[in-house]
Engineer: 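Before I ask anything, here is the structure I am working with.
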2 protein chains.
Amino acid sequence: MNDKNIPDIVIGRLPVYLRSLQRMEQEGRQVTSSQELGERLGISAAQIRKDLSQFGEFGKQGTGYNIEYLSNQLLEILHIDRTWDVVIVGAGDIGSALATYNGFSHRGFRVVGIFDNDPDKVGDKVGDYVVANTSDIEEQIQANNIQVAMLAVPAGNAQAVASELIDAGVRAILNYAPVSLNVPPDVRVQYIDPAIHLQRMTYYLD
Amino acid sequence: MNDKNIPDIVIGRLPVYLRSLQRMEQEGRQVTSSQELGERLGISAAQIRKDLSQFGEFGKQGTGYNIEYLSNQLLEILHIDRTWDVVIVGAGDIGSALATYNGFSHRGFRVVGIFDNDPDKVGDKVGDYVVANTSDIEEQIQANNIQVAMLAVPAGNAQAVASELIDAGVRAILNYAPVSLNVPPDVRVQYIDPAIHLQRMTYYLD
DNA sequence: TAGATTGTTAATCGATTAACAATC
DNA sequence: TAGATTGTTAATCGATTAACAATC
């Protein structure tokens with residue numbers, strides 16, 4: 001019922017809608033409209049209505065969308081009406097910052113472990129975690145049915161580690177390593193590389 | 001000559017091409033083809049050729065692209081044939097990780113300062129920097145003609161800080177705060193929010 | 001009822017791909 | 001020359017927008 005092949009670009013906007021709705025909820029707001037949401041986000045109202053209409057009819061003519069209701073619907077659609085266990089691979093600066101980041105727990109994710117292959121780091125404390133050896137990661141992933149990983153290893157190791165994670169059962173990778181990954185079609189990858197994002201903007205500067 | 005209104009989505013791919021080319025260069029390679037590059041990146045060869053053709057003719061029929069030459073062309077196109085000074089606003093976990101990240105210097109950027117409005121943090125050492133007071137940032141931006149900022153403040157402050165930065169002269173913002181920013185049309189924003197990226201992938205999991 | 005806003009259709013706009021002549 | 005690969009055109013595909021009947 002859900003799936004009639006929604007474009008990925010639509011899926012990519014839903015978390016942004018959700019984030020904005022949750023903020024409105026915090027502000028004590030009850031109702032919003034596609035127009036208001038669009039103005040906040042810099043997206044056309046028509047696009048927001050079109051995106052949402054892919055999944056159902058969540059609004060009311062004349063009044064708009066109930067914020068709490070729509071938030072809950074988006075949580076369900078995005079499968080974050082549950083908590084996903086996540087592993088971090090790489091206990092360098094980036095991995096450590098991710099391990100101590102407190103923005104995940106409210107938003108559907110729980111970090112359950114951080115791994116590194118450097119014997120000097122294994123056993124170190126990072127936030128609430130003790131760095132474990134990467135050689136133990138497959139076991140952990142399988143024992144806890146973990147499908148989501150954040151990858152923060154050096155570029156040279158990233159493909160090999162990603163492949164191991166995938167073999168062990170991971171299906172979604174947030175990749176901080178500055179390299180493109182080759183993965184099977186049923187595995188999702190998102191890329192975060194601050195230099196890439198900056199380079200995309202300097203084109204417009206002079 | 002450069003500008004005949006290139007789609008932003010094309011601009012977004014160029015840094016990815018560049019990163020891959022630079023890696024090939026490191027591997028000692030001299031020449032590549034749109035096909036090889038496409039396989040590495042999971043992009044069609046036709047698209048790569050089309051993208052590049054927006055800016056000139058960089059290849060040779062029968063042989064492909066000289067890696068060093070094409071890299072240099074992309075550096076020029078993206079305006080990273082120079083170094084951009086960048087400020088970090090927010091000296092929390094994310095700002096601190098950015099300040100100690102060593103991936104910027106090779107790729108066209110130099111962090112010149114980190115700022116926070118928390119008196120407890122001002123004066124602290126973070127990597128090679130001493131945290132300065134956010135109230136001094138406008139002066140710094142103007143004195144050094146800084147056009148690029150990374151924003152790592154709490155969501156509630158982000159819009160206000162962004163507006164100040166823009167007033168002071170910033171034209172490109174890499175925003176780590178989990179909130180959409182409203183900016184004038186001549187200012188570029190890129191968003192990094194790990195939770196958003198993860199939520200975009202869980203849709204496909206079950 | 002009058003005003004507002006949805007969900008949806010059709011039109012427009014833009015991006016990707018396939019194909020191939022040119023040529024190294 | 002034969003083989004490979006570019007740059008580009010035209011065709012296809014997909015996404016966005018404008019408009020409006022439905023209706024709260």
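Below, read A as the first sequence line, B as the second, and so on, with proteins coming before strands; counting in each chain starts at 1.
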Engineer: Quick check on Arg110(A): does its CZ atom have over 12 non-hydrogen neighbours (other residues, nucleotides or ligands) under 6.0 Å away?
Structural biologist: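 No - once you tally the heavy atoms of other residues, nucleotides and ligands closer than 6.0 Å, there are 12 at most.
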Engineer: Check whether more than 12 heavy atoms from other residues, nucleotides or ligands sit under 6.0 Å from atom CG of Asp167(A), and answer yes or no.
Structural biologist: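 Yes, the 6.0 Å shell around CG holds more than 12 heavy atoms from other groups.
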Engineer: Please name all residues satisfying ring-ring contact (aromatic ring centres under 6.0 Å, His included) with Tyr101(A), sequence neighbours left out, ordered by chain then number.
Structural biologist: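 Counting only residues at least two positions away or on another chain, Tyr101(A) forms a ring-ring contact (aromatic ring centres under 6.0 Å, His included) with Phe104(A).
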Engineer: Counting distance only, does the side-chain N/O of Glu164(A) pair as donor-acceptor with the main-chain N or O of Ser135(A) below 3.5 Å?
Structural biologist: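 Judged by distance alone, no pair lies under 3.5 Å.
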Engineer: May I ask you to check whether over 12 heavy atoms, not counting those of Gln30(B), lie within 6.0 Å of atom CD?
Structural biologist: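 It does not: Gln30(B) CD has 12 such atoms or fewer within range.
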Engineer: What residues, two or more places apart in sequence or in another chain, satisfy side-chain hydrogen bond (donor to acceptor under 3.5 Å, both in side chains) together with Arg23(B)?
Structural biologist: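 Residues passing side-chain hydrogen bond (donor to acceptor under 3.5 Å, both in side chains) with Arg23(B): none at all.
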Engineer: If you find the nucleotide of DNA chain D closest to Gly62(A) and the one closest to Asp8(A), which residue's nucleotide is nearer the 5' end?
Structural biologist: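 Taking each residue's closest nucleotide, the earlier one in sequence belongs to Asp8(A).
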Engineer: Please check if the side chain of Gln190(A) supplies one atom and the backbone of Gln199(B) the other of a donor-acceptor pair under 3.5 Å.
Structural biologist: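 Not confirmed, Gln190(A) side chain does not pair with Gln199(B) backbone.
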Engineer: Any sub-3.5 Å donor-acceptor pair from Ser180(A)'s side-chain atoms to Leu41(B)'s backbone N or O?
Structural biologist: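 No, the answer is negative, given that no donor and acceptor are paired below the 3.5 Å cut-off.
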Engineer: So Tyr203(B) and His79(A), would you call those rings parallel, tilted or perpendicular, with 30° and 60° as cut-offs?
Structural biologist: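 Judged by the thresholds at 30° and 60°, the geometry between Tyr203(B) and His79(A) is parallel.
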Engineer: Step by step, would you call Tyr17(A) with Leu74(A) a side-chain contact (heavy atoms from CB on, under 4.5 Å)?
Structural biologist: CA-CA 8 Å; Tyr17(A) 300 164; Leu74(A) 289 174; 4.1 Å; yes
Engineer: Given the rule that a pair is Watson-Crick or G-U wobble with both distances under 3.5 Å, how would you write DNA chain C in dot-bracket, using | for pairs to a different strand?
Structural biologist: ..||||||||||||||||||||||
Engineer: Indicate yes or no for a side-chain donor-acceptor contact from Asp116(A) to the backbone of Lys121(A) under 3.5 Å, with no hydrogens or angles considered.
Structural biologist: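 No; zero donor-acceptor contacts below 3.5 Å.
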Engineer: Donor-acceptor pair, Asn144(A) side chain versus Ile146(A) backbone, under 3.5 Å?
Structural biologist: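 Judged by distance alone, no pair lies under 3.5 Å.
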Engineer: Any residue in residues 17-33 of chain B with a heavy atom nearer than 4.0 angstrom to DNA chain D? Just list them by number, or reply none.
Structural biologist: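 Nucleic-acid contacts, sorted: Ser33(B).
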Engineer: In residues 42-52 of chain B, which residues come under 4.0 Å of DNA chain D by heavy atom?
Structural biologist: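 Arg49(B), Lys50(B) - these, ordered by number, are the residues of the stretch whose heavy atoms sit under 4.0 Å from the strand.
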Engineer: Could you list where the contact with chain B starts and ends along DNA chain C, reading 5' to 3', using a 4.0 Å heavy-atom cut-off?
Structural biologist: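 On DNA chain C, the outermost contacted nucleotides are dA15(C) to dC24(C).
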